[in-house]
Participant: 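The structure under discussion is supplied below as structure tokens; questions concerning it will follow.
Residue numbers run from 1 in the order of the sequence given. One-based numbering, in listed order, for ligands and for the atoms of each.
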Amino acid sequence: MKVLVIGGGAREHALCRSLSQDPAVTELHCAPGNAGIARVATLHPVDQLDGAAVTALAQELGADLVVVGPEAPLVAGVADPLRAAGIPVFGPSAAAAQLEGSKAFAKDVMAGAGVPTARSYVCTTEQEAAEALDAFGAPYVVKDDGLAAGKGVVVTEDRAAALEHAKGCDRVVIEEYLDGPEVSLFAITDGTTVLPLVPAQDFKRALDGDQGPNTGGMGAYTPLPWAPEGLVEEVLATVLQPTVDELRRRGTPFSGLLYAGLALTSRGTRVIEFNARFGDPETQVVLARLRTPLAGVLLAAANGTLAELEALRWDEGAAVTVVLASEGYPANPRTGDPIEGLDEAEADGTAFVLHAGTRSGADGEVLTAGGRVLSVTATGADLAEARAKAYAGLSKISFKGAQHRTDIAARAAQ
Ligand code: AMP
């Protein structure tokens with residue numbers, strides 16, 4: 001099987017790493033990729049938002065499967081010309097990707113499907129926004145309706161700041177605050193059959209103790225020893241399957257990865273958000289535990305044959321990933337610094353490094369090229385072991401101004 005992966009972050013590196021270990025995969029390509037992905041796949045400098053260019057590349061390569069990683073190309077509709085050309089593609093159509101591309105659309109689908117989520121108002125004027133804020137009270141939750149690369153959501157006690165964020169967006173969703181721990185649950189679907197993966201938890205704030213600004217995610221772990229028994233079955237029955245059924249009923253079937261961000265509140269499980277793709281950094285830990293070869297699973301989703309697939313097999317142990325970010329992340333990440341110790345971090349085989357914002361320098365050195373630079377992932381018999389190995393690997397890597405959280409999975413590992 002020849003596989004082409006679209007994207008160039010740590011999620012795509014994790015996907016490429018798993019695909020490269022699948023004996024069914026004979027050729028692995030990635031566009032545009034990064035310095036780490038270059039070690040396991042052939043890179044192609046193609047604009048990932050250009051559906052015609054991606055389709056031409058897939059045809060030229062004779063790809064048997066295209067996997068679209070990030071939300072931007074999905075929402076831009078890159079999967080559509082691929083499907084029209086008869087190429088199996090893992091990732092939803094532009095219409096179905098609106099589940100992530102528009103918070104208002106997602107709320108409408110959830111209402112239609114009877115999926116539990118925060119009560120909300122969609123507002124387009126300052127007056128409406130002010131009324132919605134007062135209807136719910138503090139803490140205030142204000143979400144830009146469109147794609148905002150993790151920067152669209154403000155959660156604050158400060159009414160003026162909440163209103164300021166609302167004013168900066170064309171259309172906002174203002175909703176009730178959901179209390180309780182968060183869980184990320186991914187599911188692979190072909191538009192009818194839904195296959196949940198193992199739940200994970202990520203760490204959104206930049207600093208230890210969940211302090212500092214929101215980020216794309218600073219680390220993740222799986223499993224969740226504290227999660228209630230039967231959580232996955234409950235979410236499949238009340239969230240994932242009804243959402244997939246509703247989208248099919250509307251004539252916009254969703255095939256690919258459906259990501260439910262959940263809050264386990266005192267009044268029950270609620271959806272915080274949907275994403276239309278694998279989440280970063282949870283993908284690093286979820287795929288680290290998947291024993292079933294990945295390519296066949298993604299191809300079955302693309303071809304609508306998931307119901308025929310055997311149950312997924314999982315490593316019984318745990319996985320932890322820790323993100324190493326650049327100085328100034330998330331506000332003003334510094335880039336262009338050489339990264340030391342990448343080989344040392346993987347030398348004894350206990351941890352592996354997945355690149356996010358990196359590029360190759362002129363002399364073959366690896367340079368920082370983004371906010372989240374890389375993540376170090378390890379597996380172990382339990383969370384304590386996986387965590388110790390991930391941090392041991394991380395300690396070997398350095399670049400100017402590197403920052404990371406020291407408390408990823410710490411509480412869950414106790
Ligand atoms: P989102 O992009 O919708 O996942 O929001 C980013 C983060 O903001 C989430 O991971 C939550 O930590 C927080 N958040 C979003 N919506 C709510 C809500 N209704 N109540 C509490 N926290 C929220």
Side-chain angles (χ1 to χ4, degrees), residues 11 70-72 74-75 97-111 115-123 129 132-133 135-159 161-162 165-166 168-169 171-186 199-207 209-221 224 235 239 243 257-283 323 330 371-372 405 407-408:
R11 159 188 44 230
E71 60 274 25
L74 289 167
V75 173
Q98 280 303 300
L99 198 61
E100 172 163 9
S102 165
K103 306 256 185 211
F105 176 80
K107 285 290 185 187
D108 194 53
V109 169
M110 284 189 265
V115 168
T117 183
R119 288 178 299 130
S120 65
Y121 294 106
V122 180
C123 308
L133 292 174
F136 292 127
Y140 303 102
V141 182
V142 183
K143 301 185 172 187
D144 190 346
D145 182 47
L147 268 195
K151 293 183 185 129
V153 178
V154 164
V155 181
T156 177
E157 296 280 343
D158 180 349
R159 187 177 179 282
H165 183 58
C169 313
R171 192 153 88 132
V172 290
V173 173
I174 291 179
E175 64 181 35
E176 73 180 309
Y177 179 78
L178 298 175
D179 210 352
E182 289 180 31
V183 172
S184 301
L185 185 60
F186 299 170
Q201 189 175 48
D202 77 342
F203 293 77
K204 283 251 192 287
R205 300 298 193 103
L207 307 175
D210 293 329
Q211 301 299 305
N214 256 325
T215 70
M218 295 299 288
Y221 68 94
L224 312 179
V235 176
V239 174
T243 300
L257 194 291
L258 176 58
Y259 165 140
L262 306 160
L264 309 191
T265 77
S266 52
R267 293 187 294 132
T269 306
R270 299 279 186 277
V271 173
I272 293 181
E273 63 159 350
F274 282 127
N275 290 327
R277 37 78 196 181
F278 281 99
D280 180 355
E282 300 96 314
T283 302
V323 170
R372 288 189 294 174
R405 280 183 62 157
D407 62 348
I408 304 300

Participant: Can you list the atoms of ligand 1 that are under 4.0 Å from a heavy atom of Glu182?
Facilitator: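 Answer for ligand 1: 9 (C), 10 (O), 11 (C), 12 (O).
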
Participant: Any idea which part of Val153 is under 4.0 Å from ligand 1, heavy-atom wise: side chain, backbone, both or neither?
Facilitator: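 Side chain only; the backbone of Val153 stays clear of ligand 1.
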
Participant: Give yes or no for whether the N/O distance cutoff of 3.5 Å, strictly under, is met between Lys204 and ligand 1.
Facilitator: no

Participant: If you look at every heavy atom in Val323 and Gly217, which pair is closest and at what distance?
Facilitator: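 Looks like CG2-O, 3.6 Å.
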
Participant: In terms of relative ring orientation, are Phe136 and Tyr121 parallel, tilted or perpendicular, with 30° and 60° separating the classes?
Facilitator: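 The rings of Phe136 and Tyr121 sit tilted, inter-plane angle from 30° to 60°.
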
Participant: Using a strict cut-off of 4.0 Å, indicate which atoms of ligand 1 neighbour a heavy atom of Glu176.
Facilitator: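 By the 4.0 Å cutoff, the relevant atoms are 18 (C), 19 (N).
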
Participant: Taking 4.0 angstrom as the limit and counting only heavy atoms of Glu175, give me the atoms of ligand 1 inside it, by number and element.
Facilitator: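 Close to Glu175: 16 (N), 17 (C), 18 (C), 19 (N).
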
Participant: Closest approach of Gln201 and Pro181, non-hydrogen atoms and distance?
Facilitator: NE2-CB, 4.4 Å

Participant: Indicate yes or no: does an N/O atom of Lys143 lie under 3.5 Å from an N/O atom of ligand 1?
Facilitator: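 The answer is yes, given that Lys143 and ligand 1 share an N or O pair closer than 3.5 Å.
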
Participant: Pairs of nitrogen or oxygen atoms closer than 3.5 Å, one from Leu178 and one from ligand 1: do any exist?
Facilitator: yes

Participant: For the pair Arg11 (side chain) and Phe278 (backbone), establish whether a donor and an acceptor sit closer than 3.5 Å, ignoring hydrogens and angles.
Facilitator: yes

Participant: Which atoms of ligand 1 are found less than 4.0 Å from any heavy atom of Tyr177?
Facilitator: 20 (N), 21 (C)

Participant: Within this structure, what is the CD-CE distance for the pair Glu273 and Met110, rounded to the nearest 0.5 Å?
Facilitator: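 Going from CD on Glu273 over to CE on Met110, the span is 9.5 Å.
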
Participant: Within the 4.0 Å heavy-atom shell around Val141, which atoms of ligand 1 are there?
Facilitator: 16 (N), 17 (C), 18 (C), 19 (N), 20 (N)

Participant: For ligand 1, is Lys103 a contact, meaning one of its heavy atoms is under 4.0 Å away?
Facilitator: yes

Participant: Under the side chain to side chain contact (heavy atoms under 4.5 Å, CB included) test, which residues partner Ala263, sequence neighbours left out?
Facilitator: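 For Ala263 the side chain to side chain contact (heavy atoms under 4.5 Å, CB included) partners, ignoring immediate neighbours, are Leu178, Thr265, Ile272.
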
Participant: Donor-acceptor check, side chain of Arg205 to backbone of Gly212, threshold 3.5 angstrom: yes or no?
Facilitator: yes

